[in-house]
Amino acid sequence: MEKGLISVDRWTEGSQVYFLTHLHSDHTRGLSSSWDRGLLFCSRLTAKLFPFKFPGLDLSLLRILDVGSWHSISLISPSSGEKTVVQVMAIDAHHCPGSVMLLFRGEFGCLLYTGDFRWETSSEKANIGRTTLLKALKDDVVDILYLDNTYCNPSYSFPSRDIAAQQVVDIIISHPDHDIIIGIDSLGKEELLYHISHKLNIKIWVWPERLQTMHLLGFHDIFTTKTTVTRVRAVPRYSFSIDTLERLNTIHSTVGIMPSGLPWVAKPLKGNENLFPSLITSYKSKWSTNGGTRTDKLKENLGSVDKFHKHIYSVPYSDHSCFMEIQEFINLVQPTNIRGIVNSSSCYVDPLYYFGRLCRANQPSLGLNYKQEKRVEGKRLIAVQTKSNVGSGKSSEANRKQGRTAELDISGVQVSKVNALRQVRRGAKIAQNESSD
DNA sequence: GCGATCAGTT
DNA sequence: CACAACTGATCGC
């Protein structure tokens, strides 16, 4: 009935080739050291990290996508049974080390899969990213944009990572006699730690496995596993709790910093308020001075930084795009259609609700109807299996609550929620259907 | 031992 | 509160 062609961050059987955008565990669920279902394409850095995450994995199955250049892959068209070429380009996603977006061209059209991504708009890096993307797209039209819609809601507003990193530095400076612990995951936030180390001229403690990762990533001097040489430690997020901090504080005054979490989310908008309250300007002004080390004074200067516990600060350092950045990105890409790749968010709204007007198809925002698009050229149909919601806002809501995925049939109508229980949280299976017209 | 799934955690 | 990312217990094989 339906044969798979390619899968992105999805590891179920049935595709000819597989792609991994980055090595976070919520994208590798279903992947293991005994992987043998086919070639696995990823960035060079991801490939380098692979043996560490999946020791024993058959490395001969890995294929490296160098960022910024087109790769051609010969596959068998599920519809015709003949050879077909898929072209793919990896583009830096600025999410975590090795993370990429994937741009596909083939007989199915042009698809852009963002994976998890951060699209900061002001830095030099951002400019390079922008021009790289535009160059890659050139005169292609993106038929479907698979979007990291984690924060696809106007209530999600936070500053650039540069600014958030400086907030962390300021917290550390204003606690000169404290130990500092920062919660991080197994990959990501290296730039934050680098920034701290650089600004304060201090080494940063990490746990032994993390030090190995740092070495693989090319950091050789700023991290240490010796507790005696620094008061700043980066610890696994799961070991970071109120309890931990209270225990630590019985030994030595310690402040915890959580770069993430969501207490910093702006309050939900009501009515016809300005859609984009500019919190960023307030971050800038509030953090320009310091020197006040008294707690109450500091508190006033915190701006978006939330002190949600006696010993813990939450800083809005995010590796996902905020709403404005998502908007900026969609404006740039101008896809024909958009699908979210995350639907577990409580603030989940179909990206088209906010961004439908930015799409080329410019469909009425209520009738999120995929039929026309499916009929392109009258003979080729793209079936997509993904966690993304389809249909009306109401069914999106229903889907979300039940944690289900949606599946599209050839006419683009939502048909099956049945197998959904077995499916992974994220990822898309990009398949080509039997043509029947 | 391995993979999948669930229930937690910040 | 809430998310992404992760750990650990449990189950079937």
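Throughout, a chain's letter reflects where its sequence line sits, starting with A, and its residues are numbered from 1. Predicted model, so just to flag it, every value in this text is computed and none were measured. Every heavy atom of this structure was used, including side-chain atoms; hydrogens, water molecules and symmetry mates were not.
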Report task. Find the distance A:Asn149:CG to C:dA2:P and express it as a whole number of Å. Result -> 18 Å
Report summary line: Here the distance between atom C1' of C:dC3 and atom CZ of A:Arg118, to the nearest Å, is 15 Å
**Report entry** Integer-rounded Å distance: B:dT10 C1' and A:Lys189 NZ
**Finding:** 12 Å
**Report entry** Rounded distance in Å - NE2 (A:His27) to P (C:dA4)
**Finding:** 9 Å
Requested in this report: Rounded to the nearest angstrom, tell me the gap between atom CE in A:Met258 and atom P in C:dA4.
Outcome: 14 Å
**Report entry** Heavy-atom side-chain proximity of A:His311 to A:Val255 below 4.5 angstrom
**Finding:** no
Query raised in the report: Is there side-chain contact between A:Ile204 and A:Tyr194, with heavy atoms separated by less than 4.5 Å?
Result: no
Report summary line: A:Ile341 CD1 to C:dC3 C1', in whole Å, measures 14 Å
Requested in this report: Could you check A:Phe104, A:Phe19, A:Tyr113 and say which one makes a ring-ring contact (aromatic ring centres under 6.0 Å, His included) with A:Phe41?
Outcome: A:Phe19
Report task. Going by the ring-ring contact (aromatic ring centres under 6.0 Å, His included) test, name the single residue among A:Tyr146, A:Phe329, A:Tyr151 that passes it with A:Phe117. Result -> A:Phe329
Requested in this report: Would you mind reporting whether A:Asp9 and A:Leu31 have side-chain heavy atoms less than 4.5 Å apart?
Outcome: no
Query raised in the report: With no hydrogens and no angle check, do the side chains of A:Thr132 and A:Arg130 hold a donor and an acceptor under 3.5 Å apart?
Result: no
Report task. Decide yes or no on salt bridge (Lys or Arg N to Asp or Glu O under 4.0 Å) for A:Asp319 and A:Arg161, but give the supporting numbers first. Result -> CA-CA 8 Å; A:Asp319 285 325; A:Arg161 284 172 292 193; 2.8 Å; yes
Query - Contact under 4.0 Å: A:His320 side-chain N or O vs C:dA2 OP1/OP2 - result: no
Can you name the atoms? Protein N/O to nucleotides 1-3 of chain B N/O, anything below 3.5 Å, with the distance.
from: B:dG3; atom 1: OP1; to: A:Ser32; atom 2: OG; distance (Å): 2.7
from: B:dG3; atom 1: OP1; to: A:Ser34; atom 2: OG; distance (Å): 2.3

Query - Lys/Arg N to Asp/Glu carboxylate O, A:Glu325 vs A:Arg118, below 4.0 Å - result: yes
Query raised in the report: Is any side-chain heavy atom of A:His22 less than 4.5 Å from a side-chain heavy atom of A:His95?
Result: yes
Close N or O pairs between protein and nucleotides 6-13 of chain C (under 3.5 Å):
from: C:dC6; atom 1: OP1; to: A:Ser186; atom 2: N; distance (Å): 3.4
from: C:dC6; atom 1: OP1; to: A:Ser186; atom 2: OG; distance (Å): 2.6
from: C:dC6; atom 1: OP2; to: A:Ser25; atom 2: N; distance (Å): 2.6
from: C:dC6; atom 1: OP2; to: A:Ser25; atom 2: OG; distance (Å): 2.9

Requested in this report: May I have the distance from A:Asp148 (atom CG) to C:dA5 (atom C1'), rounded to whole angstrom?
Outcome: 13 Å
Query raised in the report: Rounded to the Å, how far apart are A:His95 NE2 and C:dC3 C1'?
Result: 12 Å
